[in-house]
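Notes follow the structure.
Letters A, B, ... are given to chains in the order of the sequence lines, protein chains preceding strands, and every chain is numbered from 1.
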2 protein chains.
Amino acid sequence: MGDGKPATIYDVAARAGVSKSLVSLVLQRSPRVSDQRRAAVLKAIQELDYRPSTAAVSLAGTRSRTIGVVLDDFRNQWFVDLLTGLRESLQDQGHRLVVADRFLNTGLDASPVEGFLSMRVEGIVIAGEPTTDLAIPASMPLVIAGGRVAIPRADTVANDDHAGGGIAAQHLLDLGHTRLGFVGASSAASAERQAGFEQSAVPGASVVTTVLPGEPTEEAGSRALGILLDEHPDVTAVFAANDVMALGALSELAERGLRVPEDVSVIGYDDTPVAAMRYVGLTSIDDRSVEIGRGAGERLLARIADPRIAATELLVEPRLVARRTTAAR
Amino acid sequence: MGDGKPATIYDVAARAGVSKSLVSLVLQRSPRVSDQRRAAVLKAIQELDYRPSTAAVSLAGTRSRTIGVVLDDFRNQWFVDLLTGLRESLQDQGHRLVVADRFLNTGLDASPVEGFLSMRVEGIVIAGEPTTDLAIPASMPLVIAGGRVAIPRADTVANDDHAGGGIAAQHLLDLGHTRLGFVGASSAASAERQAGFEQSAVPGASVVTTVLPGEPTEEAGSRALGILLDEHPDVTAVFAANDVMALGALSELAERGLRVPEDVSVIGYDDTPVAAMRYVGLTSIDDRSVEIGRGAGERLLARIADPRIAATELLVEPRLVARRTTAAR
DNA sequence: TTGTAGGCGTTATCAC
DNA sequence: GTGATAACGCCTACAA
């Protein structure tokens with residue numbers, strides 16, 4: 001099939017011996033078409049390898065049936081599961097997903113949102129913390145997935161960090177640990193996780209913490225744990241604000257000659273792919289990204305249907321994923 | 001700005017007191033517009049927060065100025081650097097990048113290519129090995145980035161696996177190792193890397209290999225190294241077909257109580273983000289994804305400009321990234 | 001340098 | 001049921 005220009009409805013109509021309108025009706029699965037003509041049209045579509053032009057569809061139609069997903073960075077893998085959830089809730093309704101991180105079209109657009117606006121998306125999902133420079137029109141249906149910073153008119157669907165911290169504490173208590181440590185950074189999530197951790201742990205154990213200003217990086221994890229161990233060498237279990245910091249903690253422990261989990265148990269947060277690697281085997285708290293995505297999609301659909309509904313906040317319950325880095329005391 | 005419907009050129013024209021065409025000319029940076037009118041138009045655009053509709057643009061224009069990038073899976077992080085390179089070479093020409101992995105719009109399209117075809121993209125980049133079920137029209141400008149399976153009419157830009165294997169060997173020889181091992185799987189890349197490795201190593205060292213059928217997974221890396229060490233316990237350095245397998249090798253070594261790099265040096269391939277983590281510190285071969293992306297973008301532009309040019313194959317020279325898992329004998 | 005008219009491929013609104 | 005016909009927002013000759 002050496003196709004020159006893509007086929008149009010006109011081509012299909014001519015080939016099927018019907019009008020352009022009829023083709024359009026078939027495309028939209030209208031029931032008001034005789035089976036005979038429908039078959040003829042479908043046959044022609046097949047033969048011509050016809051494919052509707054999204055440009056023409058969204059220009060002529062009242063809606064673009066497209067949802068834009070803004071990621072902060074393709075390197076933050078958690079979006080993969082989020083997309084799965086979004087897909088589940090959005091594609092049944094025929095919505096197409098378009099993803100972009102902050103960098104994908106820099107040089108063309110100031111922000112990924114710019115591009116989405118040009119595409120006339122019907123709604124936007126922001127994965128993670130929304131940065132203030134996104135400039136999203138007030139009339140655009142919007143949901144924050146995984147972020148805690150609420151934007152007044154936007155729905156929020158996120159993991160329950162406080163509960164997650166509690167789960168981490170309970171796990172360590174169950175294993176018999178009584179001298180616990182927490183390493184964190186200066187983010188809302190870290191603070192929430194810490195609070196939940198301490199609240200659930202304190203009745204049965206002592207908790208010492210080191211919270212470093214700045215991002216929750218591997219480097220920060222190493223430094224924080226170093227400081228914590230220098231002051232409290234008797235700690236037997238450590239909860240890190242996220243997996244990346246936990247990785248930093250692990251390398252710090254290795255450098256100090258401390259074995260994991262024999263000498264110190266370590267638990268992270270987010271259940272990232274790295275944590276699941278056999279070489280790492282990090283016990284972590286699964287933030288249920290798929291669920292978050294599904295919830296976010298549902299909220300967005302509701303908001304698109306009726307933009308005036310009140311903003312809601314949905315918390316998804318996290319759960320423990322036990323691996324090799326935690327063990328009984 | 002409670003914007004109801006997005007502004008159109010008509011609105012802009014009316015506000016600036018000019019015709020619609022004039023607005024269009026300004027948008028396209030035409031020099032044949034008086035500074036005065038241009039200023040007026042730009043001002044109106046600002047005030048109305050006008051943004052051209054990509055749908056209308058690609059419908060009316062002769063070209064969509066859009067490039068589709070097909071990823072096999074968002075989990076394979078190497079595409080991140082590839083995108084950087086693609087961006088560098090494509091966006092100067094005003095091309096917009098759209099990415100999709102195999103799953104993004106399943107349920108709507110049979111394959112990501114379907115969606116791109118509907119969008120009337122001007123070209124397609126396939127990241128990694130092209131799967132045969134993609135069904136790309138012969139007339140679509142196409143380049144395979146990072147894959148070795150050539151499609152007749154497509155350009156190929158890839159890392160020079162053979163050279164990379166040689167670099168790995170040379171590194172280990174330089175460190176004084178003489179009993180080398182290789183663990184691989186059944187992929188074209190693995191075979192090439194192995195060949196390059198053996199060819200450069202054999203003069204000065206012995207090489208034993210274990211190649212397992214199937215995918216190059218962490219699990220395969222563990223198994224392969226286990227087999228290799230059982231038969232050849234005297235090996236002091238191991239080259240794995242990729243970082244993931246190397247990770248598997250590392251965990252196998254840990255389980256056997258062998259220290260890295262004191263007892264055994266390990267070197268991977270791809271220089272993935274995981275390898276760069278402090279906790280891992282895996283010496284690896286950088287496949288230069290940014291360069292590959294840049295090259296792929298350039299090839300694609302050339303092919304779009306003249307679809308009849310002969311398909312070319314560009315090999316990018318990889319380079320060593322030495323970290324903690326390799327040391328002198 | 002500026003304005004006019006036609007068309008891009010599809011949906012939506014009518015008549016028939 | 002089916003088929004004209006007018007939008008949709010923009011670009012591109014072409015005319016002025």
Inset, instruction - Specify the residue among B:R32 and B:R120 whose closest nucleotide of DNA chain C lies further upstream toward the 5′ end. - result: B:R32

Legend entry - Exercise: do A:T131 and A:D133 side chains pair donor with acceptor under 3.5 Å: yes

Inset, instruction - Can you tell me the distance, in whole Å, between the CD atom of B:Q28 and the P atom of D:dG9? - result: 18 Å

Inset, instruction - Look at A:Q36 and D:dG1 and indicate whether a side-chain polar atom (N or O) is within less than 4.0 Å of OP1 or OP2. - result: no

Legend entry - N-O pairing of A:R148 and A:E129 below 4.0 Å: yes

Inset, instruction - Take B:L27 and A:G17, find for each the nucleotide of DNA chain D with the closest heavy atom, and name the residue whose nucleotide sits nearer the 5' end. - result: A:G17

Inset, instruction - Answer with base, sugar-phosphate or nothing: what part of the nucleic acid does A:I9 contact at a heavy-atom distance below 4.0 Å? - result: base

Inset, instruction - For the residue pair B:R299 and B:T312, confirm or rule out a side-chain donor-acceptor distance under 3.5 Å. - result: yes

Inset, instruction - Mind checking B:V23 for me? I need base, sugar-phosphate or nothing, with any heavy atom below 4.0 Å counting as a touch. - result: nothing

Inset, instruction - State, yes or no, whether a side-chain contact exists between B:D286 and B:E291 at a heavy-atom distance under 4.5 Å. - result: no

Inset, instruction - Looking at every strand, decide which applies to B:S21 at a 4.0 Å heavy-atom threshold: base, sugar-phosphate, or nothing. - result: base

Inset, instruction - Give the ring-plane orientation class for A:F74 versus B:F79, where under 30° counts as parallel, over 60° as perpendicular and anything between as tilted. - result: perpendicular

Legend entry - Single hit among A:V99, A:I304, A:V143 for side-chain contact (heavy atoms from CB on, under 4.5 Å) with A:I67: A:I304

Inset, instruction - With a 4.0 Å heavy-atom cut-off, tell me which residues in residues 52-62 of chain A come close to DNA chain C, sorted by residue number. - result: A:P52, A:S53, A:A56, A:V57, A:A60, A:G61, A:T62

Inset, instruction - Check B:V23, B:L27, B:V26 against B:V12 for a side-chain contact (heavy atoms from CB on, under 4.5 Å) and give me the one that passes. - result: B:V23

Legend entry - N/O donor-acceptor pair, side chain A:S19 with base D:dA4, under 3.5 angstrom: no

Legend entry - Closest non-hydrogen atom pair, A:S58 against B:A55: OG-CB, 3.2 Å

Inset, instruction - Determine whether the side chains of B:S118 and B:E114 contain a donor N or O and an acceptor N or O closer than 3.5 Å. - result: no

Inset, instruction - Using chain A heavy atoms and a threshold of under 4.0 Å, write down where along DNA chain C the contacts begin and end, 5' to 3'. - result: C:dG9 to C:dA12

Legend entry - Any B:Y50 side-chain N or O less than 4.0 Å from OP1/OP2 of D:dC10: yes

Legend entry - Nearest-Å distance for atom pair NZ/C1', residues A:K20 and D:dG3: 8 Å

